[in-house]
**Student:** 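Just passing along the structure, written as structure tokens.
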Amino acid sequence: MYIRSCRTVRNARGSASGTGRRANGYGHGVEAELRVMPGREDGVDSSEGVGATSLYTDPDQAAEFVAATGVTALTCSFGTVHGLSKAEPKLNYELISTLRGRAGVPIVMHGGLGLSSAEYRECINRGVRKINYYTYADKAALEAVKQVLADQPDTYVFAPVTVEIRRAVENNIDELARCLYATESA
């Protein structure tokens with residue numbers, strides 16, 4: 001899947017319009033991000049913009065964008081942020097439903113940090129079909145490196161570190177899967 005980020009529908013027409021239709025002709029999809037997703041992916045707190053409804057994706061623009069570009073999945077802003085955030089996410093579930101209905105394509109979530117199992121599941125129930133998950137796994141990898149070097153300060157090759165990185169990331173992804181598939185009674 002090809003992924004393209006565009007701040008406006010006008011910008012999208014110029015950069016993604018042909019891409020979506022060409023990819024569709026080959027049986028491939030194109031994911032696009034419309035508007036601004038607040039936050040940073042560099043480990044710096046990205047609380048700025050959390051809950052700023054002015055940054056949320058407009059359903060009319062989303063419908064116009066999908067029609068103009070032929071994209072098959074749409075990343076939207078509805079209350080999450082990229083990267084680490086000290087602020088609580090401010091999800092607008094109704095907006096997710098409206099975006100899914102108006103755009104007619106699956107909605108993609110970026111920035112799911114800090115969401116509970118119930119919040120993830122409600123987003124999925126409302127139309128989210130893809131969740132881009134990176135920061136927590138990246139953080140788990142870094143913590144594994146720190147632990148290996150603290151426990152074994154004489155480490156001089158990277159191979160044993162990669163074993164622990166892999167284990168930490170696998171554990172983190174297992175934790176996410178348990179979160180996503182947890183039952184209501186759990």
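Quick note: residue numbers are just sequence positions, from 1. Worth saying up front: this structure is predicted, and the values here are computed from it rather than measured. For the numbers below, each heavy atom of this structure counts, side chains included, while hydrogens, waters and symmetry mates do not.
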**Student:** Rounded to the nearest 0.5 Å, how far apart are CG of L95 and CZ of R102?
**Tutor:**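 The distance works out to 11.5 Å.
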
**Student:** For D58 versus Q61, what's the shortest heavy-atom pair and its separation?
**Tutor:**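 Here D58 and Q61 meet closest at OD2-N, 2.9 Å.
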
**Student:** Are Y120 and Y181 linked, directly or through other ILVMFWY residues, by side chains that come within less than 4.5 angstrom of each other?
**Tutor:**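 Yes, it is one cluster - the side chains of Y120 and Y181 are joined through contacts under 4.5 Å.
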
**Student:** Side chains of L99 and L74: closer than 4.5 Å at any heavy-atom pair?
**Tutor:**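 They are not in contact (no side-chain heavy atoms under 4.5 Å apart), so the answer is no.
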
**Student:** I'd like to know whether E122 forms a salt bridge (Lys or Arg N to Asp or Glu O under 4.0 Å) with R126, so could you lay out the CA-CA distance, the side-chain angles of the two residues, the decisive distance to 0.1 Å, and finally the verdict.
**Tutor:** CA-CA 6 Å; E122 186 62 22; R126 298 295 188 124; 2.7 Å; yes

**Student:** Nearest 0.5 Å, please: how far is OG1 in T69 from CD in E64?
**Tutor:**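 One gets 10.0 Å once the value is rounded to the nearest 0.5 Å.
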
**Student:** With the side chain counted from C-beta on, respond yes when N132 and T75 share a heavy-atom pair under 4.5 Å apart, and no when they do not.
**Tutor:**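 No - every pair of side-chain heavy atoms lies 4.5 Å or more apart.
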
**Student:** Where is the tightest heavy-atom contact between A144 and A168, given as atom of each residue plus distance?
**Tutor:**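 That would be CB-CB, 3.7 Å.
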
**Student:** Side chain of S117, backbone of L180: donor and acceptor closer than 3.5 Å?
**Tutor:**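 No: the side chain of S117 does not pair with the backbone of L180.
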
**Student:** I'd like to know if F158 and V148 are part of one continuous hydrophobic network [Ile/Leu/Val/Met/Phe/Trp/Tyr, side-chain heavy atoms within less than 4.5 Å].
**Tutor:**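 Result: yes, single cluster for both.
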
**Student:** Start with the C-alpha gap between N172 and Y133, add the side-chain angles, then the distance that decides, and say whether side chain to side chain contact (heavy atoms under 4.5 Å, CB included) holds.
**Tutor:** CA-CA 11 Å; N172 183 266; Y133 184 87; 2.7 Å; yes

**Student:** Please check if the side chain of R129 supplies one atom and the backbone of V108 the other of a donor-acceptor pair under 3.5 Å.
**Tutor:**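 Here the side-chain-to-backbone pair does not exist.
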
**Student:** For the pair T80 (side chain) and H110 (backbone), establish whether a donor and an acceptor sit closer than 3.5 Å, ignoring hydrogens and angles.
**Tutor:**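 Such a contact is found between T80 side chain and H110 backbone.
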
**Student:** Do N125 and Y93 have side chains that approach each other closer than 4.5 Å (heavy atoms only, starting at C-beta)?
**Tutor:**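 Result no, sub-4.5 Å side-chain heavy-atom pair not found.
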
**Student:** Shared ILVMFWY cluster between I173 and L115, side chains joined below 4.5 angstrom?
**Tutor:**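 Yes, I173 and L115 fall within the same hydrophobic cluster.
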
**Student:** How many angstroms lie between atom CG of D154 and atom CG of L149, to the nearest 0.5 angstrom?
**Tutor:**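 Reported value, rounded in 0.5 Å steps: 10.5 Å.
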
**Student:** Could you tell me the separation between the CE atom of M109 and the CD1 atom of I124, rounded to the nearest 0.5 Å?
**Tutor:**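 So the gap between those two atoms works out to 7.0 Å.
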
**Student:** Apply the test salt bridge (Lys or Arg N to Asp or Glu O under 4.0 Å) to residues R167 and E164: give CA-CA distance (whole Å), side-chain angles for both, the deciding distance (0.1 Å), then the verdict.
**Tutor:** CA-CA 5 Å; R167 185 174 294 136; E164 295 306 317; 2.6 Å; yes

**Student:** Return the minimal non-hydrogen interatomic distance between I96 and C123, and the atom names on each side.
**Tutor:**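 Reported closest heavy-atom pair: CD1-SG, 3.7 Å.
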
**Student:** Measuring from atom SG of C179 to atom CD of E175, what distance do you get when rounded to the nearest 0.5 angstrom?
**Tutor:**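 The CD atom of E175 is 8.0 Å from SG of C179, to the nearest 0.5 Å.
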
**Student:** How far apart are the closest heavy atoms of V66 and A103, and which atoms are they?
**Tutor:**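 Nearest pair, atom of V66 first, then A103: CG1-O, 3.5 Å.
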
**Student:** Could you walk me through whether T155 and V161 satisfy the side chain to side chain contact (heavy atoms under 4.5 Å, CB included) test, starting with their C-alpha distance in whole Å, then the side-chain angles of each, then the deciding distance to 0.1 Å, before giving a yes or no?
**Tutor:** CA-CA 8 Å; T155 300; V161 178; 4.0 Å; yes

**Student:** Start with the C-alpha gap between V105 and F65, add the side-chain angles, then the distance that decides, and say whether side chain to side chain contact (heavy atoms under 4.5 Å, CB included) holds.
**Tutor:** CA-CA 11 Å; V105 296; F65 177 80; over 6 Å; no

**Student:** Nearest 0.5 Å please: distance from the CZ atom of F78 over to the CG atom of L55.
**Tutor:**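 Here the rounded value is 13.5 Å.
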
**Student:** Are R166 and T162 packed together at the side-chain level, in the sense that at least one heavy-atom pair is separated by less than 4.5 angstrom?
**Tutor:**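 They are not in contact (no side-chain heavy atoms under 4.5 Å apart), so the answer is no.
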
**Student:** Ignoring hydrogens and angles, state whether a donor on the side chain of K90 or N92 is under 3.5 Å from an acceptor on the partner side chain.
**Tutor:**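 Absent: no donor and acceptor within the cut-off.
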
**Student:** For the side chain of T57 and the backbone of S77, is there at least one donor-acceptor N/O pair under 3.5 Å apart?
**Tutor:**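 Here the side-chain-to-backbone pair exists.
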
